[in-house]
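Positions are given from 1 along the sequence. These values consider heavy atoms only, across backbone and side chains, with no hydrogens, waters or symmetry-generated copies.
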Amino acid sequence: MRFWALLLCLASSAHALQVTDDRGTTVQFAQTPQRIVSLLPSLTESVCALEQCARLVGVDRYSNFPASVRALPQVGGGLDPNIEAIVALHPDVVLLATASRASARLEALGLKVVALEPKTYADVQRVLGTLGQLLAVNDAARIWRGIDAGVSAAAQSLPARVKATRVYFEVNAAPYAAGTTSFIGETLTRLGVQNVVPAALGPFPKLNPEFVVRANPDLIMVGDRNSIGLAQRPGWGGIRAIREQRVCSFKPEQSDVLVRPGPRMAEAARAMAACLLEKAP
């Protein structure tokens, strides 16, 4: 009997795994999760890039790519999810951002939580690796190489004339900007242009609008929703980019690509490159 018990133990441990998330928390699983709720669009897209979309049983209200995830139950926002709706889906794991306040409540209800929040290129590479480990798939390194090569190709497509362009990238109208140390800022750097928001301010700082006036960027990248009324902001009419109509307004679908640190970062780099080709001085 002891022999068979040992065999059973070895068989079950072969499927057991553990991952360490971005909180530094080690989460243990008896077997590879098959039912996943994702509460962050970039994580939803990463699961699908790893060809594991079929394991998703619920997503947050902002997860909209690939198209197949739009048919899944929506369980609220990443920061304010519907806990009861998540529990009702019986997930093996809930993927969410480290900033989400739902982790403790979900864990108290006995659910497994893995918190991952990529903000830089290195984070995206690491998170893909963690998800690959969690889902027991080996494609993470290949997907990352594709992202990296795609960004490099976008950079190589640009002529030397755009390289000195000073860019302001607005994430939302508060205004929050993409700083040099964010994944968006890293893409701008790889494209060879200068971000007017320095690294010292952090990845996504909330700025005093006067800062942008003083920075006087050559070109502004902004989402369609936030581009309305830029020239009416106090002092902004004198900014070179606005004065010379060098503003790229991205449609909502494009904005989603640009602000999500995940598998579509090469597509984001191509969109930025196209903007620079069209609007750079």
A.B. asks: Which residues satisfy the side chain to side chain donor-acceptor pair (under 3.5 Å) test with S227, sequence neighbours excluded?
C.D. replies: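 For S227, the residues satisfying side chain to side chain donor-acceptor pair (under 3.5 Å) (neighbours in sequence not counted) are S249.
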
A.B. asks: Would you mind writing out the side-chain donor-acceptor pairs for residues 127-141 within the sub-3.5 Å range, not counting sequence neighbours?
C.D. replies:
{"from": "T130", "atom 1": "OG1", "to": "R126", "atom 2": "O", "distance (Å)": "3.1"}
{"from": "Q133", "atom 1": "NE2", "to": "Q18", "atom 2": "O", "distance (Å)": "2.9"}
{"from": "D139", "atom 1": "OD2", "to": "R142", "atom 2": "NH2", "distance (Å)": "3.3"}

A.B. asks: For E244, is there an ion pair with R246 - N to carboxylate O distance below 4.0 angstrom?
C.D. replies: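 Result for this pair is yes, salt bridge flagged.
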
A.B. asks: Check the orientation of F250 and F169. Use parallel for under 30°, tilted for 30 to 60°, and perpendicular for over 60°.
C.D. replies: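 If you compare the ring of F250 with that of F169, the planes turn out parallel.
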
A.B. asks: Donor-acceptor pairs are to be reported for all side-chain atoms of residues 257-274 against protein atoms at under 3.5 Å, with residues two or more places apart or in another chain.
C.D. replies:
{"from": "R260", "atom 1": "NH1", "to": "E45", "atom 2": "OE2", "distance (Å)": "2.8"}
{"from": "R260", "atom 1": "NH1", "to": "N64", "atom 2": "OD1", "distance (Å)": "2.9"}
{"from": "R260", "atom 1": "NH2", "to": "Y62", "atom 2": "O", "distance (Å)": "2.9"}
{"from": "R260", "atom 1": "NH2", "to": "N64", "atom 2": "OD1", "distance (Å)": "3.3"}
{"from": "R264", "atom 1": "NE", "to": "E45", "atom 2": "OE1", "distance (Å)": "3.0"}
{"from": "R264", "atom 1": "NH2", "to": "E45", "atom 2": "OE2", "distance (Å)": "2.8"}

A.B. asks: Side-chain heavy atoms under 4.5 Å apart, restricted to Ile/Leu/Val/Met/Phe/Trp/Tyr: what other residues fall into the cluster of V75, or is it alone?
C.D. replies: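 Listed partners: V37, L39, V57, I83, I86, V87, L89, V94, L96, L106, L109, L111, V113.
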
A.B. asks: Going by atom type alone, with no hydrogens or angles, which donor-acceptor pairs under 3.5 Å involve a side-chain atom of residues 146-153 and a protein atom two or more places apart or on another chain?
C.D. replies:
{"from": "D148", "atom 1": "OD1", "to": "R190", "atom 2": "NH1", "distance (Å)": "2.7"}
{"from": "D148", "atom 1": "OD1", "to": "R190", "atom 2": "NH2", "distance (Å)": "3.1"}
{"from": "S152", "atom 1": "OG", "to": "D148", "atom 2": "O", "distance (Å)": "3.2"}
{"from": "S152", "atom 1": "OG", "to": "R190", "atom 2": "NH2", "distance (Å)": "2.7"}

A.B. asks: Can you name the nearest heavy-atom pair linking A280 to L219, along with the distance?
C.D. replies: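 Nearest heavy atoms, A280 then L219: N-CD1, 3.7 Å.
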
A.B. asks: Could you note down all residue pairs passing salt bridge (Lys or Arg N to Asp or Glu O under 4.0 Å) where residues 97-122 supplies at least one of them, sequence neighbours left out?
C.D. replies: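 Qualifying pairs, neighbours excluded: R23-E107.
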
A.B. asks: Decide if atom NZ of K163 counts as having more than 12 heavy atoms of other residues, nucleotides or ligands within a radius under 6.0 Å.
C.D. replies: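 Yes, the 6.0 Å shell around NZ holds more than 12 heavy atoms from other groups.
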
A.B. asks: Could you work out the complete set of other residues in the hydrophobic cluster of I228, with links drawn between I, L, V, M, F, W and Y side chains under 4.5 Å apart?
C.D. replies: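 When side chains under 4.5 Å apart are linked, I228 ends up in no cluster with other residues.
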
A.B. asks: Among residues at least two apart in sequence or on other chains, which ones pass side chain to side chain donor-acceptor pair (under 3.5 Å) with R35?
C.D. replies: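 Partners of R35 under the side chain to side chain donor-acceptor pair (under 3.5 Å) test: none.
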
A.B. asks: Can you list everything that forms a side chain to side chain donor-acceptor pair (under 3.5 Å) with D60? Sequence neighbours excluded, please.
C.D. replies: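 With sequence neighbours excluded, D60 shows a side chain to side chain donor-acceptor pair (under 3.5 Å) to S63, given in chain and number order.
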
A.B. asks: Name all residues meeting the side chain to side chain donor-acceptor pair (under 3.5 Å) criterion together with T25; count only those two or more places apart in sequence or in a different chain, and write none if there are none.
C.D. replies: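 So T25 forms no side chain to side chain donor-acceptor pair (under 3.5 Å) with any residue.
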
A.B. asks: Quick one: which of Q194, R240, K279 gives a side-chain hydrogen bond (donor to acceptor under 3.5 Å, both in side chains) with D218?
C.D. replies: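 Answer after filtering Q194, R240, K279: R240.
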
A.B. asks: How close do C275 and M221 get, counting heavy atoms only, and between which atoms?
C.D. replies: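 Looking at all heavy atoms of both residues, the closest pair is SG-CE, 3.7 Å.
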
A.B. asks: Contact between T165 and P281 at the side-chain level, heavy atoms closer than 4.5 Å - yes or no?
C.D. replies: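 A side-chain contact exists here, since the closest heavy-atom pair is under 4.5 Å.
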
A.B. asks: Kindly give the cluster partners of V222, where membership spreads through any ILVMFWY side chain lying under 4.5 Å from a current member.
C.D. replies: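 Same cluster as V222: Y168, V196, V197, L201, L207, F211, V212, V213, I220, L230, W236, I239, I242, V247.
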
A.B. asks: Going by side-chain hydrogen bond (donor to acceptor under 3.5 Å, both in side chains), name the pairs with one or both residues in residues 70-86, residues two or more places apart or in two chains.
C.D. replies: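 The answer is none; no pair qualifies.
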
